[in-house]
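What follows is a short report on a single structure.
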Protein chains: 2
Amino acid sequence: MGKNRSVPTLNDVAKAAGVSTATVSRCLNSPDQVIEATRQRVMQAVESLGYTPNFAARVMAAKRSYTIGAIIPTMDNAIFARGLQEFQDQLRESGYTLLVSSSAYDPEVEWEQIRALVARGADGLLLIGYARDAEIYSYLERHQVPSLVAWSYDPEAHRPSVGFDNLNAMGKLAQAVISAGHQRIAMISGQTLGNDRAQSRVDGVRQTMAESGLDANSLTLIETDYEIEKGAEAFQQLMSLTPRPTVVMCGNDVLAAGALREAGRLGIKVPEQVSVTGFDDIELAEIVSPALTTVHVPHREMGRKAARELTAMVEGNSDGRSICINTRLVNRCSLARPPRQP
Amino acid sequence: MGKNRSVPTLNDVAKAAGVSTATVSRCLNSPDQVIEATRQRVMQAVESLGYTPNFAARVMAAKRSYTIGAIIPTMDNAIFARGLQEFQDQLRESGYTLLVSSSAYDPEVEWEQIRALVARGADGLLLIGYARDAEIYSYLERHQVPSLVAWSYDPEAHRPSVGFDNLNAMGKLAQAVISAGHQRIAMISGQTLGNDRAQSRVDGVRQTMAESGLDANSLTLIETDYEIEKGAEAFQQLMSLTPRPTVVMCGNDVLAAGALREAGRLGIKVPEQVSVTGFDDIELAEIVSPALTTVHVPHREMGRKAARELTAMVEGNSDGRSICINTRLVNRCSLARPPRQP
DNA sequence: AATCTATTTGTAAGCGCTTACATTGATAAT
DNA sequence: ATTATCAATGTAAGCGCTTACAAATAGATT
């Protein structure tokens, strides 16, 4: 009641309960080491003082934070949302808190965020894609913070990751495109610089073209940011080419949605005049019209498995395995045979 | 070199540079208190040891973290993404780091996240909407953590907020709906329990109906989660009613997108047979077809202003003002006059 | 030359918690 | 009864940093 109005500490609780701070700490962290009667007294004191442990102090003393950090390139569209939500839910079940920050696709910012999270005592980190300065990985190693790569899976990379094979997934889609009869293929990709996922998707298309006897160099490629608006702009450029490509493969559904919007605006019929494909199968893909033919990525499954793997690493139960998540083609309406040659 | 492989501390740096820890600390935090020569020596030591300050220790000693926390209801769709991105960018400019967590629209989880963020030393908190247990606010007060409400603005609530007037905004849209001639109005709302934004939007419609001489009780209301799928389900229910509503006003664009998708599936023409409206004007609104008539919320402006206000509060330059952001109607294609009575 | 002032640096006391180790008391084994 | 064993609790040493205060040094002022 008439007590000091400032935030109560462990010490205050100890005094109120007539025990030592050690006992209070034990009540909170390993209750079975404390006898029932004492525990009740302590908990009552905790309750009545409205005590909440100070995290900074706890982290410092215990060198453990039960916090996992994730740095994603952007929150601005739904690409990472679903997977991350599942990641968080799974972590919560295991008693971890997830802290997220976004790097806006800027490596400098990402560096900064990583330091911030590590300095804050994150027990582990989720990173998107492999491509980043080696210095970052050695920094993490020095600080003994386990990290897991997600959204990418590359058997060659000897670094734990839970993701999917971007190259093959896009390759399969390209296969479908080519078997539909397309030869003049264009692609709107995200920036490939520092983005292995984007790069692999481009490579996937090229590789499949080559395997199908097409000239991989004939791929018309535009790189741009992953934004609807940018997808629209790129599509417009592509449509002004002669001869026009008969299909526009997009690096993800967001770009494809932009392309589709622009097609509507230009009065170009999809898929009758031009086919368009996406990647990710986020909700958007089903909503646009025509609905997108795209690659389905089981984001939730990825999030769940990533959470399991990362907690295992943090708790010393795993050195970091890699898990490949299977993607699959989703045939909807935006891909068809090319129009008859005029 | 042959040094100890563990993480370097302030002390290590001090020794390496031949100064006291205080001097090193000053180099890092208020460089102008240290003479040039010393500073260089210290910075060199910092560099060569690869030193990064331990945040927990710093927070504990300084009682200041330069961290702002935000708890949003969901990351699963784009409603909060744009505003939050701008919020973060603005904070970064002022030297703050943003940590985000999502509550999945669950008050318990929100409570937990708030505690987590406060315990982690967040200097201030951004919360979405007013509606939450009074206990939370008093907890924040006791811990002296300034908090700012966003996405809502209610002159009656005497609590700092940067947001928009949900009631009026939706009221204006209802006005447009009614002047187009609609009388059988249905609404698909988000859950109103514990969500003042959703509640206000419903109230806005009802109030305007009453003012326009319609019976506010005649509003057919379905409450559901803010998901595309749910919007679709609700729309289907609504369409099986007799007489059918002539317009379906949705609590946000996500629900509206679901409604539109379902309309397509059912072969119901929008807006010829039924009109549909949204709220938020996220990118989705422009992409669906027909493009949504909706309420435009300047999310970036809100994010920016919220960041400014919250940092001012944290730095003691403001006791927390409230700022009202103006919304505006966006007329696109999904709202038209009701069909002639059959 | 003596004194004062301002600037730069050092000393050391915490910040609130965890945990290794010491202590206590009770029960079991001899 | 004596000793060994064990569970419950207490004692106190940090964890890595900031900052009030003290000390030292160098000019400026008289």
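Below, read A as the first sequence line, B as the second, and so on, with proteins coming before strands; counting in each chain starts at 1. Side-chain atoms are counted along with the backbone in the values below, which use heavy atoms only and exclude waters and symmetry mates.
B/Thr21 and B/Asn11 form no side-chain donor-acceptor contact under 3.5 Å, judged by distance and modelled atom types alone. In the model, B/Ser161 has a side-chain atom that pairs as donor or acceptor with a side-chain atom of B/Tyr130 under 3.5 Å.
Contacts of A/Val19 with the nucleic acid, taken as non-hydrogen atoms under 4.0 Å apart, involve only primed sugar atoms and P, OP1 or OP2. Using a 4.0 Å heavy-atom criterion, one finds that B/Phe55 contacts no nucleic acid atom at all.
A cation-pi arrangement, defined by a distance under 6.0 Å to the six-membered ring centre and an angle within 45 degrees of its axis, is absent between B/Arg304 and B/Phe87.
When every heavy atom of A/Pro160 is checked against every heavy atom of A/Met313, the shortest pair comes out as CG-CE, 3.8 Å.
One atom, CZ of A/Arg64, and another, P of D/dG14, lie 24 Å apart when rounded to the nearest Å. Atoms CE (B/Met60) and P (D/dG14) sit 15 Å apart, rounded to a whole Å. As rounded to whole Å, 12 Å separates atom C1' of D/dA8 from atom CZ of A/Arg41. Following rounding to the nearest Å, A/Asn54 (CG) and D/dC15 (C1') show an atom-to-atom distance of 13 Å. Atom P of nucleotide D/dC17 and atom CZ of A/Arg120 are separated by 15 Å, given to the nearest angstrom. Following rounding to the nearest Å, A/Asn11 (CG) and D/dA12 (C1') show an atom-to-atom distance of 13 Å. Atoms CZ (B/Arg39) and C1' (C/dT7) sit 14 Å apart, rounded to a whole Å. The CG-P distance, from A/Leu28 to C/dT18, rounds to 7 Å in whole Å.
Comparing D/dT19, C/dC17, D/dC17 against the side chain of B/Ala22 picks out D/dT19 as the nearest. Among the nucleotides C/dT18, D/dT18, C/dG10, the one closest to the side chain of A/Leu10 is C/dT18. Taking the side chain of A/Arg26 as heavy atoms from C-beta on, and the options C/dC17, D/dG16, D/dG10, the nearest nucleotide is D/dG10. Of the candidates D/dC17, D/dG16, D/dT9, D/dG16 carries the atom nearest the A/Lys63 side chain, counting heavy atoms from C-beta on. Nearest nucleotide to the B/Pro53 side chain, out of C/dC17, D/dC17, C/dG10: D/dC17. With D/dC17, C/dT18, C/dT9 as the candidates, the nucleotide lying closest to the side chain of B/Val34 is C/dT9.
The shortest distance between the side-chain N/O atoms of B/Asn29 and the OP1/OP2 oxygens of D/dT18 is below 4.0 Å. Here B/Ser25 reaches the OP1 or OP2 of D/dT18: one of its side-chain N or O atoms lies under 4.0 Å away. In this structure, B/Thr9 does not reach the D/dG16 phosphate: none of its side-chain N or O atoms is under 4.0 Å from OP1 or OP2.
Each of B/Thr21 and A/Thr52 lies near DNA chain C, and the nucleotide nearest B/Thr21 is the one positioned closer to the 5' end. Each of A/Ala62 and B/Thr23 lies near DNA chain C, and the nucleotide nearest B/Thr23 is the one positioned closer to the 5' end.
By the 4.0 Å N-to-carboxylate-O rule, B/Arg39 lies close enough to B/Glu36 to be salt-bridged with it. With respect to the salt-bridge test (charged N to carboxylate O, under 4.0 angstrom), the residues A/Arg82 and A/Glu86 do not qualify.
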